[in-house]
Amino acid sequence: MQERKLSVRSIRRWTLIAAALAILAACESPIPDNFHLKPVSERKTTPDFALKDATGATVKLSDYKGKVVLLNFWATWCGPCKIEIPWFMDFEKTYKDRNFAVVGVSMDEDGWDAVKPYVEEKKMNYRVVLGNDQVSQLFGSIESLPTTIVIDREGRIASMHIGLVAKNTYQKEIEKLLEAPRDVPKTGAVRVPGSEFAWLRAGN
């Protein structure tokens, strides 16, 4: 039997329920002050997409390789999303000069008619694109909002959060990834004892 794919409408219905529960939980108990980055060996390559921003320009996720990216699936009607957006604006401002970027993927059914005024009203300072069911499926079916993925410089998924989490959780993950050494291609360099130079050996 073929599995039924969730539509954006279904996502909205379930997210409204999840949003109420998330806000209630956030008010009643503290969110753990920790973070959970996947080990490098367990990180999978992030699916690529090409979506339009408010100006009509095409945004490819793969164009951000080399940067740490916070990829946020959200909607204007999503309560927890409204809490997170100011945090993400702070991150964009604080870390933009350290090869970091926030990309927001709106899942609003009403498209730019709903999203453009919202972006302008909130003065969102990061790139926002319009998502669809196809992009949702690329990421294993986005069933609730917000869903936020933190991506390392090599374009790999370092962490994934469903629902509302603490601001400092994101902050710690971002800083940890920004501080991580870059992956350096193997050149076959061999250091000669007593010398400060390395001879390059051709790969086998």
With side chain to side chain contact (heavy atoms under 4.5 Å, CB included) as the test, would you mind laying out the steps for V68 and Y95 before giving the verdict? CA-CA 10 Å; V68 173; Y95 301 115; over 6 Å; no
Would K52 and T58 count as having a side-chain donor-acceptor pair, cut-off 3.5 Å? yes
How far does NZ of K67 sit from CG of N99, to the nearest 0.5 angstrom? 6.0 Å
Run the numbers on Q134 and L138 for side chain to side chain contact (heavy atoms under 4.5 Å, CB included), then give the verdict. CA-CA 6 Å; Q134 289 71 33; L138 281 178; over 6 Å; no
Show the nearest heavy-atom pair for residues V135 and F73, with the distance to one decimal. CG1-CE2, 3.9 Å
Should L70 and M89 be counted in the same cluster of Ile, Leu, Val, Met, Phe, Trp and Tyr side chains packed under 4.5 Å apart? yes
So do I85 and M124 actually touch side chain to side chain, heavy atoms under 4.5 Å? yes
V105 pairs by side chain to side chain contact (heavy atoms under 4.5 Å, CB included) with which of L61, N72, V129? V129
Measure the CD1-CE distance between I149 and M160 for me, rounded to the nearest 0.5 Å. 4.5 Å
Looking only at heavy atoms, which two atoms of G131 and L51 are closest? And how far apart? CA-CD1, 4.1 Å
Answer with yes or no whether the hydrophobic clustering places Y126 together with Y170; edges join I, L, V, M, F, W, Y residues whose side-chain heavy atoms lie under 4.5 Å apart. yes
Following the transitive rule for hydrophobic clusters with a side-chain heavy-atom cut-off under 4.5 Å over Ile, Leu, Val, Met, Phe, Trp and Tyr, establish whether I162 and I151 coincide in one cluster. no
Drop me the distance from D110's CG to K116's NZ, to the nearest 0.5 angstrom. 14.5 Å
On the 0 to 90° scale, with breaks at 30° and 60°, tag the Y118-W74 ring pair as parallel, tilted or perpendicular. tilted
Is a donor on one side and an acceptor on the other found under 3.5 Å between the side chain of S106 and the backbone of L130? no
Side chain of T94, backbone of D90: donor and acceptor closer than 3.5 Å? yes
4.5 Å side-chain heavy-atom contact, L177 and R153: no
Between the CD1 atom in I157 and the OG atom in S159, the distance rounded to the nearest 0.5 Å is 9.5 Å
Would you please test K167 and F91 for side chain to side chain contact (heavy atoms under 4.5 Å, CB included) and show each step? CA-CA 10 Å; K167 179 180 180 180; F91 297 156; 3.7 Å; yes
Between the side chains of E173 and H161, is a donor N or O closer than 3.5 angstrom to an acceptor N or O? yes
Shortest non-hydrogen pair, K65 vs G155, comes out as CG-N, 4.4 Å
Closest non-hydrogen contact found for D108 with A75 is OD1-CA, 3.3 Å
Do the non-hydrogen side-chain atoms of T147 and F139 ever get within less than 4.5 Å of each other? no
Nearest non-hydrogen partners of M107 and N132, listed with the distance: CE-O, 3.6 Å
Return the CD1 to OG1 distance between I174 and T169, rounded to the nearest 0.5 Å. 10.5 Å
Residues D152, R43: salt bridge by 4.0 Å N-O rule: yes
Does the side chain to side chain contact (heavy atoms under 4.5 Å, CB included) test come out yes or no for T148 and L71, once each step is laid out? CA-CA 6 Å; T148 304; L71 180 66; over 6 Å; no
Side-chain heavy atoms of R127 within contact of Y64, under 4.5 Å: yes
Would you say that I83 contacts L164 through its side chain, given a criterion of any heavy-atom pair below 4.5 Å between the two side chains? yes
If I compare all heavy atoms of W87 with all of A166, which pair ends up nearest, and what's the gap? CZ3-C, 3.9 Å
